[in-house]
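Notes follow the structure.
Convention: sequence-line order gives letters A, B, ...; per-chain numbering from 1. Only this structure's heavy atoms are used, side chains among them; waters, hydrogens and symmetry mates stay out.
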Protein chains: 2
Amino acid sequence: MDSSNTRLPAHRRQRILSELDSKGAVRVEELGRLFSVSEMTVRRDLDALEAEGLLERTHGGALPLRHVHRERVFREKDHEQREAKESIALLAASLIPEGETVLVNSGSTTRLVIRHLARRPDLRIITNNMAAVAELPETVAAEVLLIGGRYRPESGCAVGEWALRLLEDLAPARAILGADGISLKAGLSSPVPEEAALTRRMIEIVNSVDVVADSAKVGRVCPFRIGPLESVSRIISDSDTWAPEFREAGVTVVVPEELALSPSPQNPGGMPGSF
Amino acid sequence: MDSSNTRLPAHRRQRILSELDSKGAVRVEELGRLFSVSEMTVRRDLDALEAEGLLERTHGGALPLRHVHRERVFREKDHEQREAKESIALLAASLIPEGETVLVNSGSTTRLVIRHLARRPDLRIITNNMAAVAELPETVAAEVLLIGGRYRPESGCAVGEWALRLLEDLAPARAILGADGISLKAGLSSPVPEEAALTRRMIEIVNSVDVVADSAKVGRVCPFRIGPLESVSRIISDSDTWAPEFREAGVTVVVPEELALSPSPQNPGGMPGSF
DNA sequence: CATATTTTGTTCGTTTTTGTTCTTTTTATC
DNA sequence: GATAAAAAGAACAAAAACGAACAAAATATG
């Protein structure tokens with residue numbers, strides 16, 4: 001894979017950065033093995049990158065600089081179910097047809113979704129998820145529209161009256177939404193009233209709703225109701241042991257294995273180079 | 001393969017560029033072998049292409065410009081004049097009276113200003129500077145309102161028609177603004193037309209404008225004009241060797257030393273724990 | 001054809017990068 | 001706290017890449 005180009009020191013450092021971006025953390029030993037260089041060289045690379053303000057050095061490796069402040073929160077939400085969320089996000093993004101405008105709400109799963117969507121030059125992303133947008137590389141291909149409003153530092157997104165009003169001007173075709181609670185009877189729910197209100201409004205203005213959620217969220221009910229299950233077109237998750245009842249209720253449930261077994265009709269071999 | 005045409009220097013250089021485009025990086029030794037020319041020749045080619053602004057030279061080879069671009073921007077803006085910017089930001093924030101609503105635009109200096117302002121529970125911050133807001137800790141004390149719009153990844157802020165329209169609903173008392181160019185004759189200017197337009201509108205809707213800028217920006221004129229110097233109430237900077245002419249023109253110039261010598265009347269021992 | 005110009009190759013001293021060895025510091029574990 | 005393991009840092013040597021200068025070759029120009 002890293003045939004000849006990686007021998008270029010500058011290129012290796014760039015790849016360290018992108019490795020950091022995708023993995024969330026890098027280790028010296030791991031990078032040395034990946035690039036076939038000594039650990040001393042990796043250390044010198046990391047030191048140089050830190051001096052340039054591009055990462056945060058730690059014992060044994062490095063962390064991205066962007067989230068040093070919210071490290072604790074990110075760590076919990078981020079590492080919990082990280083792999084599940086990553087595969088869900090990749091799948092959800094691949095299900096979006098070419099040229100669409102997609103509305104995306106706040107949350108750590110949708111953050112990963114945005115990361116994938118942003119690489120596609122054919123898409124337009126509308127979101128209140130500032131944390132997700134702020135961490136995107138300069139090389140964003142998609143057009144990104146930000147919904148303003150009151151900033152909620154706990155989730156890194158915009159909420160409130162202002163955000164709700166802004167949604168009135170929009171009528172995108174589809175939405176990819178995260179929800180902390182998904183239940184047959186209670187539908188979608190959130191622990192934060194303002195985010196529930198905003199997500200509810202998002203559902204109202206689009207034609208098609210994809211919900212992304214790891215299986216831990218299924219069956220959970222949070223205090224603030226977003227809306228009933230009928231408004232959901234598809235649920236994209238990492239397992240479908242719970243799916244039969246949902247499918248009976250008329251919701252399509254998609255899991256990564258399905259994609260691997262049979263090519264998705266929505267995306268017949270589409271955009272292979274984009275991911 | 002590269003039989004006849006490659007013998008022409010111009011063609012070889014074009015092929016170097018396409019090689020760079022497909023591979024993501026090129027090495028001197030590799031190109032020398034590919035074109036059967038000496039490494040010295042390749043080096044001269046790469047130097048020429050760099051002089052034309054078509055690639056970025058590195059040790060052992062070259063990288064495409066776009067990859068390096070984001071790093072360069074971030075690194076330079078962040079580290080250049082870092083100390084100066086930090087002291088300017090602290091001073092600018094301390095000059096804001098209690099209970100105000102402050103409008104802040106994009107930029108690396110204003111990012112530091114926002115960091116300071118955010119610790120004060122008495123303030124309300126309105127900004128399009130997503131990069132600044134996204135890096136705030138969870139413990140933000142101030143209320144933060146985000147101006148939405150089209151996201152510009154190069155500067156991590158929102159711009160465009162939508163952002164301009166949002167400003168129409170607002171009438172905050174004051175603004176703290178960054179500008180890449182400040183000149184006696186040309187006034188404030190920016191290298192990005194959309195950011196210039198947004199900053200211009202911000203100036204129009206407030207009563208009082210504080211401009212934060214390190215001294216390197218004074219005397220510089222960027223291609224896109226924001227507005228005349230008359231619209232500026234104060235310039236907060238790290239040195240005032242250039243200040244006399246500006247003071248004659250009716251602009252107050254504030255530098256950190258002044259704060260150290262005589263306590264600011266606007267902030268009589270106020271909020272000592274906040275900084 | 002002769003001459004000027006450009007392009008290329010070679011040599012050699014200098015700088016950058018890398019790996020190794022050894023010591024010091026940090027981290028984990030009891 | 002004490003101890004062992006892992007990682008980091010310092011210092012040195014080897015290798016790779018660079019740049020300057022000059023000579024040779026190719027190309028253009030009269």
Results of side-chain contact (heavy atoms from CB on, under 4.5 Å) for V140(A) - residues two or more places apart only
A118(A), L136(A), V144(A), P153(B)

Run the side-chain contact (heavy atoms from CB on, under 4.5 Å) test against S155(B) and tell me which residues pass, sequence neighbours left out.
R152(B), C157(B), E195(B)

Once you round it to whole Å, what is the distance between P of dT17(C) and CZ of F35(A)?
17 Å

Under a 4.0 Å N-O cut-off, is there an ion pair linking E135(B) with R111(B)?
yes

Distance check needed: dA6(D) P versus E29(A) CD, whole Å only.
11 Å

Which residues satisfy the side-chain contact (heavy atoms from CB on, under 4.5 Å) test with A186(B), sequence neighbours excluded?
S183(B), V221(B)

Identify whether any heavy atom of G32(A) sits under 4.0 Å from a base atom; if not, whether one sits that close to sugar-phosphate; answer base, sugar-phosphate or nothing.
nothing

Who pairs with R44(A) by salt bridge (Lys or Arg N to Asp or Glu O under 4.0 Å), at least two apart in sequence or on another chain?
none

Atom pair distance, as rounded to whole Å: NE2 in H11(B) and C1' in dT7(C)
16 Å

Which angle, to the nearest 10 degrees, lies between the helix axes at the two ends of the helix from dC1(C)-dG30(D) to dC30(C)-dG1(D), each defined by five pairs?
40°

If the condition is salt bridge (Lys or Arg N to Asp or Glu O under 4.0 Å), which residues does R57(A) pass it with, not counting sequence neighbours?
D47(A)

Value in whole Å for how far the P atom of dA8(D) lies from CZ of R27(A):
11 Å

Can you name the residues that form a salt bridge (Lys or Arg N to Asp or Glu O under 4.0 Å) with R150(A), not counting sequence neighbours?
E194(A)

Of all residues at least two apart in sequence or in a different chain, which pass the salt bridge (Lys or Arg N to Asp or Glu O under 4.0 Å) check with E50(B)?
none

Ignoring backbone atoms, establish whether R12(A) has a side-chain N or O less than 4.0 Å from OP1 or OP2 of dT18(C).
yes

Does the side chain of N105(B) come under 3.5 Å of the side chain of T199(B) through a donor N or O and an acceptor N or O?
yes

Rounded interatomic separation in angstrom, taking CD from E30(B) and C1' from dA17(D):
15 Å

For nucleotides 19-30 of chain C, read 5' to 3', which letter fits each nucleotide if B means a protein heavy atom sits under 4.0 Å from the base, S means only the sugar-phosphate is that close, and - means neither?
BB-----SS---

Interatomic distance where CZ belongs to R43(B) and C1' belongs to dT14(C) [whole Å]:
13 Å

For the pair made of CG in D45(B) and C1' in dC18(D), what is the distance, rounded to whole Å?
15 Å

Whole-Å distance separating the CZ atom of R57(A) from the P atom of dG9(D):
6 Å

